[in-house]
Amino acid sequence: MARLVVVSNRVGPLKDTGRAGGLAVALVDALTETGGIWFGWSGDVSPEGTFSTLKKTRSKSVQMVQLDITQADYDGFYAGYANRTLWPVLHYRLDLADFNRRFEQTYRYVNERFAARLGPMLQSDDVIWVHDYHFLTFAADLRGMNVTNPLAFFLHIPFPAPEILAALPNAKLIIRAMLAYDLVGFQTERDADNFRRFAVEEAGATDLGDHQVRFGDRVIRVRAYPIGIDADAFSKLAMSPDAQKHIKRLEKLMAGRQQIIGVDRIDYSKGLPERFLAYERLLKDYPENRGRLSLMQIAPPSRAELDAYIEIRRELEELSGRVNGRYAELDWTPIRFLTRSFPRRALAGIYRASRIGLVTPLRDGMNLVAKEYVAAQRAEDPGMLVLSRFAGAAEQMKEAVIVNPHSAEEVAAGLQTAITMPLDERRDRWQLMFDRLCQNDAVSWSRSVMEDVKAIQR
Ligand code: GDG
């Protein structure tokens, strides 16, 4: 069996430390099956940067190989083009995008340097699987070094409509570089369609039907491979004694009341201020929930150095202060806003103890929290998921209460539907979602990408 080489910005962990999410578990599983390399940034900045000595660690047949970058690479590639240009554009936020041309140059340079360091490690029959928006142009660099191995790519975040992407300077060149991959995978059918449309309408590719486009003399497979979680393991985690401890603590605190849970990195794509406003609207429009249904928002900080994130955090603190000031009672706090992270097993327990999972991103590639919330529920009395139509997860979780996160009235009405939903209906809807999560888990996701990449005609 051909060896697998995974490339992603951050690498590992190789061992299941209890912190690893479904993605790391799925990739380690795929790597262990064939043996291989997981290659990416070390997370460190050094003066030698991509010219530094490779950092290597091994666990059985899998080798982790990591590379530093320089401060200038960090500013232009990571904080710059990846997070200030591509992240907003791909999440449909042209208003937040910074089109600094130096960012783009550094991004292309760092992609080239990573390719130059990976190239010498490759064997002729390796299959290479590259992840996410940090490495859109990576395949073109490898092809420039005469690498002819099968190259697959998966985008974890949304791919916008061509009308949006066209605003990105040099979008055509970036997409043409992506057409150097043999397979380009997305979270949803919509994302795959958007990419195909851009490739055909703007970049000169031809649609061959059957999820394929031609560009020059190459055929590229373009398809949706919705990512899954390790549903069975997460469900068991939610029943573990450790999770149980958290459930007990929360239940004591709630004293018979109920809780809505939100868990998101602080990021403008996650629709957090809109969510707080929708909850405020619920208390206004459906006053029977006052004193009875609180909102707990867990929001570990992310990429805290970016101004946009500091601003959202401040806004959320203000909003929660306002709602709490207005509606709190001596023994009841409406919003509990926790800007810290929790161990995974605690999270599983918190999901399980919450009657509603509220997942309302303005745009999201998939959103694994939606899937984890469902996996953590009690089969006999499951909580209900209220889910944004703009999360990739909505394509596969139609039994959730689907809402438009921009409309506070609609989210409030959705919350009311969820809280008053009869037990039979909750059970039926939950069972359908849970069965689908188990069938389409993280391992089956990576297998289906691997099967398609192996079927590529060379
Ligand atoms: C990108 C795409 C796509 C959160 N707080 C804590 C914690 N988490 C974990 C959750 C979940 C993960 O982080 C977040 O995953 P999401 O899918 O919701 O979002 P992104 O981080 O933006 O991920 C996204 C994903 O890639 C995969 O393809 O679904 O659309 O944006 O697993 O549980 N984990 C722990 N403590 C916390 O406090 N341990």
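Ligands are counted one by one from 1 in listed order, and the atoms in each one are counted from 1 as well. Remember, predicted model here, so these are calculated numbers, not experimental data. Just so you know, residue 1 is the first one in the sequence shown, and it goes up from there.
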Answer yes if the ring centres of Phe114 and Phe138 are under 6.0 angstrom apart, and no otherwise.
->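 Aromatic pair excluded; centres sit 6.0 Å or further apart.
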
>> Between Phe154 and Trp445 (judged by ring centroids, cut-off 6.0 Å), do the two rings come close enough to count as a pair?
In response: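 Yes, the ring of Phe154 comes within the 6.0 Å limit of the ring of Trp445, centre to centre.
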
Give the atom numbers and elements of ligand 1 that come within less than 4.0 Å of a heavy atom of [X].
X      : result
Gly365 : 30 (O)
Ile227 : 28 (O)
His156 : 2 (C), 3 (C), 24 (C), 26 (O), 27 (C), 28 (O), 30 (O)

Q. Tyr225 ring centre to Arg223 NZ or CZ under 6.0 Å, with the angle to the axis within 45°?
A.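 The answer is yes, since Arg223 meets both limits relative to Tyr225.
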
Notebook entry, point to check: Checking Arg340 against Phe342: charged group under 6.0 Å from the ring centre and within 45 degrees of the axis?
Noted result: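 Judged by the rule (NZ or CZ under 6.0 Å from the ring centre, within 45° of its axis), Arg340 counts as positioned above Phe342.
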
For ligand 1, note which part of [X] has a heavy atom under 4.0 Å away: side chain, backbone, both or neither.
X      : result
Asp264 : neither
Ser341 : both
Val263 : side chain

Is there any N or O on [X] that sits under 3.5 Å from an N or O of ligand 1?
X      : answer
Leu347 : no
Arg265 : yes
Asn367 : yes
Ile298 : no

Of the listed options [options], closest to [atom] (non-hydrogen atoms):
atom                    : options                        : result
atom 19 (O) of ligand 1 : Lys270, Arg344, Lys371, Glu372 : Lys270
atom 36 (N) of ligand 1 : Phe234, Phe154, Phe342         : Phe342
atom 24 (C) of ligand 1 : Val359, Asp364, Val369         : Asp364

Are Leu122 and Val5 side-chain neighbours, meaning at least one heavy-atom pair lies under 4.5 Å?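 In contact.
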
When Asp364 is tested against each of Arg265, Lys270, Lys371 for salt bridge (charged side-chain N to carboxylate O under 4.0 Å, His left out), which residue passes?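 Running salt bridge (charged side-chain N to carboxylate O under 4.0 Å, His left out) over Arg265, Lys270, Lys371 with Asp364 returns exactly one hit, Lys270.
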
Mutual orientation of the aromatic rings belonging to Phe186 and Phe159 [parallel < 30°, tilted 30-60°, perpendicular > 60°]: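 Perpendicular, since the angle between the ring planes exceeds 60°.
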
(Q) With side chain to side chain contact (heavy atoms under 4.5 Å, CB included) as the test, pick out the partner of His131 among Val7, Val6, Asn9, Leu155. (A)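 Single side chain to side chain contact (heavy atoms under 4.5 Å, CB included) partner of His131 among Val7, Val6, Asn9, Leu155: Val6.
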
For residues Asn324 and Pro334, report the shortest heavy-atom separation together with the two atoms involved.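 Between these two residues, the closest heavy atoms are OD1-CD, 3.1 Å.
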
